[in-house]
Amino acid sequence: MRDGSRFVVLEGGDGVGKSTQIALLSGWLGAVGLPHLTTREPGGTPVGEAIREIVLGRSDLDIGPETELFLILAARAAFVRDVVRPALAEGKTVVADRFSLSTLAYQGYGRELDLDHVREADDLARGGLRPDLCLVLDLPAEESRERQRRGVDEADRIEREGRDFRERVRRGYLELADTEPDVELVNARGTPEEVHERIRDRLLARFPGVFRGGGATDAQQVG
Ligand code: TMP
């Protein structure tokens, strides 16, 4: 990795406003002239997008928790090899919409798979690569559900899960933010601009120097 490139992940339950925040963050990184790439998981590569279609789009399939885990991790292996590592090697900052913490929160806490097994399998998929920082956007599960309902898109296979699942996922994120290294919680209440400011503050505090300055803009989006 060249100096200056960072691997930053935005995390959180469905409906917390991640996509809006990724767009605002990308605009800001462009304005400060930081070469970067925004991308999402599952997805980001052709095989990853095909897997995303199965995992989220195929509500007609009975996909068990272990099968779901391995589909997502299969997409992750391609994502790390074909997207994240090359971008970091070129000196770009990578901003990902979800990564391994989602797997711990959704497949570990949400689907109630053994957390140590999920961690081991995930470690294999990401080849040991770790984000420099994960920011978990946090909202009470019912508030994010309400935001999601107001959205235009139809609920996908995982978004259709009930309240208990959403509560387990949120509890998972809160516990992980407490115990995992390089994971910070961000209050997702308020206007998009207010939340964006909180995210910017975290990045500036965490990586002083990297997220300041001018220069040519080089923004790219994958997935
Ligand atoms: P999103 O891209 O709209 O946030 O949707 C991705 C969905 O996939 C979301 O419901 C969370 C789920 N997911 C998992 O269950 N495990 C994972 O490891 C990842 C990356 C996503």
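Ligands are counted one by one from 1 in listed order, and the atoms in each one are counted from 1 as well.
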| Using 4.0 Å as the upper bound for N to carboxylate O, is an ion pair formed by Asp182 and Arg202? | no
| said: Can a donor-acceptor pair be found, under 3.5 Å and without considering hydrogens, that links the side chain of Glu11 to the backbone of Ser102? | reply: yes
| field | Per-residue contact class, Arg40 against ligand 1 - non-hydrogen pairs under 4.0 Å | value | neither
| Can Leu29 and Thr38 be said to form a side-chain contact (heavy atoms from CB on, under 4.5 Å), step by step? | CA-CA 10 Å; Leu29 294 176; Thr38 58; over 6 Å; no
| In terms of side-chain heavy atoms, does Tyr109 have a donor or acceptor partner in Glu175 at a distance below 3.5 Å? | yes
| For atom 9 (C) of ligand 1, which protein heavy atom lies nearest, and how many Å away is it? | Asp14 OD1, 3.4 Å
| said: Quick test: of every protein heavy atom, which one is nearest to atom 19 (C) of ligand 1, and how far off is it to 0.1 Å? | reply: Ser102 CB, 3.5 Å
| task | Could you see which bit of Leu56 sits under 4.0 Å from ligand 1, with heavy atoms only: side chain, backbone, both or neither? | result | side chain
| request: Considering the heavy atoms of Arg76, write down every atom of ligand 1 situated less than 4.0 Å from one of them. | output: 18 (O), 20 (C)
| field | Lys/Arg cation over aromatic Phe99: Arg76, 6.0 Å, 45° cone | value | yes
| request: Might you work through the salt bridge (charged side-chain N to carboxylate O under 4.0 Å, His left out) test for Arg111 and Glu161, ending with a clear yes or no? | output: CA-CA 10 Å; Arg111 300 291 191 212; Glu161 289 297 332; 2.9 Å; yes
| query | Where is the nearest protein heavy atom to atom 12 (C) of ligand 1: which residue, which atom, and how far? | reply | Ile158 CD1, 3.7 Å
| task | Could you verify whether a donor N or O on one side chain and an acceptor N or O on the other, from Asp82 and Thr45, lie under 3.5 Å apart? | result | no
| message | Considering both backbone and side-chain atoms of Lys18, is one of its nitrogen or oxygen atoms within less than 3.5 Å of a nitrogen or oxygen in ligand 1? | response | yes
| note | Nearest heavy atom to atom 3 (O) of ligand 1, choosing from Arg98, Glu161, Arg52, belongs to Arg52
| remark: Note: ligand 1 atoms sitting under 4.0 Å from heavy atoms of Ile72 are 14 (C), 15 (O), 16 (N), 17 (C), 18 (O)
| Does Gln107, backbone or side chain, put an N or O under 3.5 Å from an N or O of ligand 1? | yes
| message | Suppose I only count heavy atoms of Glu41 and a 4.0 Å limit; which atoms of ligand 1 are within that range? | response | 20 (C)
| request: Without swapping roles, check the side chain of Glu49 against the backbone of Gly43 for a donor-acceptor pair under 3.5 Å. | output: no
| field | Nitrogen or oxygen of Thr103 less than 3.5 angstrom from that of ligand 1 | value | yes
| N/O separation below 3.5 Å, Glu68 to ligand 1 | no
| query | Which heavy atom in Arg163 sits nearest to a heavy atom in Glu142, and how many Å separate them? | reply | CG-OE2, 3.4 Å
